[in-house]
Amino acid sequence: MVFAKIVETEKELQDAFFVRKEVFVKEQGIPLPLEIDEYDEIATHFVAYFENRPIAAGRVRFIEDLTATVDRVCVLPPFRRKQIGVLMMKSLEQYIKGSNIKKVKIKAQTHAIPFYEKQNYYITSPEFLDAGIPHRAMEKVFDS
Ligand SMILES: CC(C)(COP(=O)(O)OP(=O)(O)OC[C@H]1O[C@@H](n2cnc3c(N)ncnc32)[C@H](O)[C@@H]1OP(=O)(O)O)[C@@H](O)C(=O)NCCC(=O)NCCS
């Protein structure tokens, strides 16, 4: 069974970093100092496990009044297209909704736009490069 949880221990944080390094550093070639950044100290992290192995991660930050940002959402390649990305987003959004937040902003890698659109995020910017990878800004507003 796959389950996602908020990171509460140093081991769980290292598990989340493990998945992020596998996906963003090894698979996508993003330099480690860009991937593990200063926001990790203030973000709330999430990790998902399958049979005690970390397989997915993501993080949330509250950036301004009533707005949060979600980033670093990732699933290890063998576990993709099994609704685990959706599980991560639902876990992150459930946490955000508990904080009276009305809007979530993301910077979506262009290839992942259909994934976010299926979860009711909409595009708010033209394409731009971040760490050399094409992105577009997206948002989702929660019903009050
Ligand atoms: C993007 C990512 C998190 C999606 O995770 P996932 O577990 O494969 O996604 P899910 O299985 O939950 O997919 C949910 C829906 O989105 C669709 N989807 C997922 N990735 C997609 C893609 N790249 N292109 C088109 N549709 C996609 C799925 O087909 C599924 O549709 P359905 O509900 O109609 O069946 C995963 O591909 C990943 O880790 N990619 C590398 C890291 C990355 O780029 N992260 C995004 C940074 S912005």
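These numbers were taken from a predicted model, which means no experiment stands behind them. In listed order, ligands and their atoms are each counted from 1.
Those atoms of ligand 1 that come under 4.0 Å of a heavy atom in Lys82, given as number and element, are 11 (O). Atoms of ligand 1 lying under 4.0 Å from at least one heavy atom of Pro114, given by number and element, are 25 (C), 26 (N). Heavy-atom contacts of Lys118 reach the following atoms of ligand 1: 15 (C), 16 (O), 31 (O), 32 (P), 34 (O) (cutoff under 4.0 Å). Taking every heavy atom of Gln28 and a limit of under 4.0 angstrom, the matching atoms of ligand 1 come to 41 (C), 42 (C), 43 (C), 44 (O). Those atoms of ligand 1 that come under 4.0 Å of a heavy atom in Val86, given as number and element, are 12 (O), 14 (C). Close contacts of ligand 1 with Cys74, meaning ligand atoms under 4.0 Å from a residue heavy atom, involve 39 (O). Counting atoms of ligand 1 from 1 in the listed order, those under 4.0 Å from a heavy atom of Val23 are 41 (C), 42 (C).
The nearest heavy-atom contact from the protein to atom 39 (O) of ligand 1 is Val75 N, 2.8 Å. Given atom 48 (S) of ligand 1, the protein heavy atom at minimum distance is Gln109 N, 3.2 Å. Atom 46 (C) of ligand 1 has Val73 O, 3.5 Å as its closest protein atom, hydrogens excluded (heavy atom only). Looking at atom 13 (O) of ligand 1, its nearest protein heavy atom turns out to be Phe115 CD1, 3.7 Å.
The heavy atom nearest to atom 44 (O) of ligand 1, out of those in Met88, Arg80, His111, is found in His111. One option in Glu27, Gln83, His135, Arg81 has a heavy atom closer to atom 21 (C) of ligand 1 than any other, and that option is Arg81.
Among Val75, Val19, Val2, Val47, the one residue that satisfies the side-chain contact (heavy atoms from CB on, under 4.5 Å) test with Ile55 is Val2. Exactly one residue among Gln28, Lys21, Arg72 makes a side chain to side chain donor-acceptor pair (under 3.5 Å) with Glu35. That residue is Arg72.
Under 4.0 Å is where a charged nitrogen must lie from a carboxylate oxygen, and between Arg20 and Asp40 at least one such pair does.
The minimum heavy-atom distance between Pro77 and Glu27, with the atom names listed, is CG-OE1, 3.7 Å.
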Does Tyr95 form a ring-ring contact (aromatic ring centres under 6.0 Å, His included) with Phe46? I'd like the steps, not just the answer. CA-CA 10 Å; Tyr95 171 74; Phe46 285 74; 5.7 Å; yes
Derivation and outcome, side chain to side chain contact (heavy atoms under 4.5 Å, CB included), residues Lys105 and Glu64: CA-CA 11 Å; Lys105 293 185 177 182; Glu64 54 201 60; 3.9 Å; yes
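Residue-level proximity to ligand 1 for Lys107 is carried by the backbone, the only part with a heavy atom below 4.0 angstrom.
By the neighbour-count criterion of 12 heavy atoms within 6.0 Å, atom NZ of Lys107 is sparsely surrounded, having that number or fewer from other residues, nucleotides or ligands. Other residues, nucleotides and ligands contribute more than 12 heavy atoms inside 6.0 Å of the NZ atom of Lys5. Residue-environment remark: OH (Tyr39) stays at or below the threshold of 12 foreign heavy atoms within 6.0 Å.
Of the polar atoms of Gly85, at least one N or O is found under 3.5 Å from an N or O of ligand 1, judged by distance alone. Considering both main-chain and side-chain atoms, Ala108 never comes within under 3.5 Å of ligand 1 through any nitrogen or oxygen pair.
In summary, the side chains of Asp15 and Tyr49 do present a donor paired with an acceptor at a separation below 3.5 Å, with no hydrogens or angles considered.
Between Phe128 and His135, the two ring planes are parallel [angle under 30°; tilted spans 30° to 60°].
Within 4.0 Å of atom 42 (C) of ligand 1, at least one protein heavy atom is present.
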